[in-house]
Amino acid sequence: MKEDYNFLQIEKKWQEIWEKEQIFKALEDPQKTKYYCLEMYPYPSGYIHMGQVRNYSIGDVISRYKKMSGCNVIHPIGWDALGMPAENAAIRHGVHPQKWTLDNIAHMKCQLKKLGFSYDWSREVNTCLPEYYKWNQWIFLKMFEQGLAYRRISWINWCPRCQTVLANEQVIGELCWRCDSVVAQKEMEQWFLKITDYAEDLLSGHEILEKWPEHVLLMQKNWIGKSTGAHTVFPIVDSSKSIEVFTTRIDTIYGATFLALSPEHPLSRELIGDSPQREKFEEWIGRSISDFRLKKKLGTEEKEGIDTGKKALNPFSGDKIPIWIANYVLMEYGTGAVMAVPAHDQRDFEFAKDNSLSIKVVINPENTSLTENELEEAFEDYGKLVNSGPFSSKTSEEAIKEMAAYAEKNGFGHESTMYRLRDWGISRQRYWGTPIPVIYCEKCGIVGVPYEDLPVMIPHEVELKGEEGSPLEKVPSFVNTTCPHCKGNARRETDTMDTFIDSAWYYFRYTSPHEEKLPFDTKSADYWLPVDLYIGGVEHAILHLIYARFFTKILKDLGFTSIIEPFPRLLAQGMVIKDGAAMSKSKGNVVYPDDFVEKYGADTLRLFILFASPPEKEFVWSDEGVEGCHRFLHRVWTIVQENLDLFNKDSSEARRKNKEGETITLIEKKIHQTIKKVSEDIENRYHFNTAISSIMEFYNFIKKEKDNLRKDERGRSLLKEALETLVLLLTPFTPHICEELWERIGNSTYLIHTPWPAFDPDLAKEEIVTIVVQVNGKLRAKFEAERNLSQEEVKEKALSLSRIQAIVGKNKVNKIIYVENKLVNIVL
RNA sequence: GCCGGAGUGGCGAAAUUGGUAGACGCACUGGACUCAAAAUCCAGCGGAGCAUUUUGUUCCAUGUGGGUUCGAAUCCCUCCUCCGGCACCA
């Protein structure tokens, strides 16, 4: 009796069974090879979007494949549940952030379950629960003890109308996201994590990450931005003070015609001193700093400066050079002061031209000499030194080494390394985040909350209006506390942590999600970690992935883990595109998965997403493609249904071996070739699109051969084997339909516990190969030949072909190129 | 500006190590089934030409122009377009 493919019913049925039987529960088992498959956990925005469906479908293929291949797989999921959108919802709709978040999680959990992902839900992690964020606080305190968490004044975005700090993401084109006021820059005391201490580790760790996409490593490398050079001290004339600069081009130091300080440089104000134009200077410096902080303007802003009237002594040349304050010098890189070499640095060149400062050539290109008057732009390449005292005529490379050594010997400089990486500012004046566990006491200063008092709970009762600073400041019961040391009155820190902290270590928590004494159990973490495959959007290439690597290194230094890199293998998936743009609410081109699950089923949606393009590429959504995949699943369903009788009759006779003397049939070959191809595509390349296409080819082949095969006993047995293989190979992609068919053909095991089919390399080999015959590189003929025929035989055969003879004719054969089992190229 | 990545039929793509360009799917066209339609099944499907009863066969085609090679979508150089990252980092 033929039955229709009722996907809705089938998917519901198996999802319930899987859940009831808890077949995806991961247990530590030292006997088995573990496999940790991790996908980036979602923010509970309300709906699972297509990007996440793609992310999780990829992970599910790998997880299911690895399980069938005998690995002990951990495949967890959780919620990145703290963050701004919950607060915005509260401000706009008056719903409490916690309720909003938990409701969203409940809904999205349903969505994920309807897609049939093989998650171990017993390990679900939710970062907005005290059981989780308690450990953010715990780790923070450990870092605070080590001096890795510290407080300092820094610049933040400030909305003058709302009277509040804005995160960078809340500044939209220099305007406040809420009230459209122009955002100002303001200095505030903030908490920082000393990620810069780990700059070198983060960089050298790349060596282990050979299986990361190169462009991601490159982005991180640029972000860390290591450069080597030298520090040099320029004494200020008629003063006991001096100015230190960092340069990568100490070879150009004889060409330094002025120093430029950042307006924020501690000496700037002092150097202006009692200058007659002091007031103008003060105004300019104030304006310059905040202008300058508006990131958008960086690089486009006109270079401006003020002459302090003071001079500094170039320790190499003995020249007295003017000290300027210039808006193009960054305070937070290097020393906040630069030696300006207009002839060999384009920025200095422009500044010198605008301010009529002198220009001095000290590097010449090979075989040319430059003159100051003719320079139209700075010559920035390496070359040969001139006008550089004892270093003249050396090459830049030589001079860089020797001059740094000279400076060191004479006590005014030394070789040094700089990074662009900045310390991680984690303070947020926000409600829906992890409270920073610190208490301010007038007597005792900054005191960490004692471990036994953790967690510092996010207070439930709070007024969220989106105005005036941190919401927690206005909760007296939260703010007012006692000092753990002196028991006197004290004030609690009201800033909360950046939510990137939560995601910096959640994959540790998955390994022991119910651990109560520590953030995670070290033994469990040692068993499961590192993550064998981490899959996620390429948009997290820098921030999240650097923070997670940083936290792992800290946890290692604290002795809680032995791993040095959390994610040895990263699969950065491409974006989901529709109508030429990334799917996003603001673009209005979002397609929600639910409608498709309803209409075609989860299996179809998953198959389509995986089939459309390889994971690292962009995925272009098209409504029509879905139909094709749905049709394919229908066909698979039908062909198995039509041949159910095979499985009833001789179910005792499992896969049979070929008897002596029986030739290997095409269908056998196809079975083994397909298993090989699909396994390799999943295992080595993660190219699911080609894996699926070869399953489709396999189906087409079965379809064509089935009537023939049914004619004799051997054929029937092979057809049966082919159909079984078809179901097994499809399982990681479309698990529900496969589970149903697997049951219908008489199996009682879950597919996840069924071994992935193995291929026989001998059977997968082609015995007859097509040899291509080219003449002068152009395809002229083909013939079939036995595999591994000798070179002579193949050449002879190729030359004997009548077509080839006609073409070759009387021409002289120069040489013949031979590629084994592939081609012959006759060169005339 | 600097650093990456990509560009292949009408569309998504394939070609894994330099060796048959376009697998697989979508769309489209024709046919079968049907009173009819949908669904399904079968066949065709880069362009141009020649020949022809089909089987054939030639030329052109992987953004542009060059190069290396017996042979290039693949390697090298030029330019164009699109995407991503960084962006006064001394």
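The analysis underlying the following values was restricted to heavy atoms, covering all of them including side chains, and did not include hydrogens, waters or symmetry mates. Chain A is the first sequence line, chain B the second, and so forth, proteins listed ahead of strands; every chain is numbered from 1.
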Asks: Taking a pair as Watson-Crick or G-U wobble with both distances under 3.5 Å, which nucleotide is matched to B:A27?
Replies: none
Asks: Need the pair for B:A38. Rule: Watson-Crick or G-U wobble, both distances under 3.5 Å, any strand; none if unpaired.
Replies: none
Asks: Using OP1 and OP2 only, check whether a side-chain N or O of A:R420 sits under 4.0 Å from B:A90.
Replies: no
Asks: Give the ring-plane orientation class for A:H206 versus A:W212, where under 30° counts as parallel, over 60° as perpendicular and anything between as tilted.
Replies: tilted
Asks: Assert yes or no for the condition that the ring centre distance of A:F608 to A:Y600 is strictly below 6.0 Å.
Replies: no
Asks: Take atom CG of A:N776 and atom P of B:G19, then tell me their distance rounded to the nearest Å.
Replies: 19 Å
Asks: With ring centroids as reference points, do A:W621 and A:F596 lie under 6.0 angstrom apart?
Replies: yes
Asks: Which one is paired to B:C33, where only Watson-Crick or G-U wobble pairs with both distances under 3.5 angstrom count?
Replies: none
Asks: Please evaluate the base of B:C86 for a donor-acceptor partner in the side chain of A:N222 within a cut-off of under 3.5 Å?
Replies: no
Asks: B:C88, B:C86, B:C26: which one has an atom nearest the side-chain heavy atoms of A:I542?
Replies: B:C86
Asks: Can you figure out which of B:C24, B:C70, B:U58 approaches the side chain of A:K815 most closely?
Replies: B:C70
Asks: Nearest to the side chain of A:N825 - B:C88, B:G19, B:A23?
Replies: B:G19
Asks: Paired with B:G84 by Watson-Crick or G-U wobble geometry, both distances under 3.5 Å: which nucleotide is it?
Replies: B:C3
Asks: Starting at atom CG of A:N700, determine the distance to atom P of B:A43, rounded to an integer number of angstrom.
Replies: 10 Å
Asks: Decide yes or no, distance alone: a donor-acceptor N/O pair under 3.5 angstrom between the base of B:G12 and the side-chain of A:E624.
Replies: no
Asks: Base, sugar-phosphate alone, or nothing: which one does A:S227 contact when heavy atoms must sit under 4.0 Å apart?
Replies: sugar-phosphate
Asks: For the residue pair A:Y5 and A:H630, does the interplanar ring angle fall in the parallel (under 30°), tilted (30 to 60°) or perpendicular (over 60°) class?
Replies: tilted
Asks: Looking at every strand, decide which applies to A:R780 at a 4.0 Å heavy-atom threshold: base, sugar-phosphate, or nothing.
Replies: sugar-phosphate
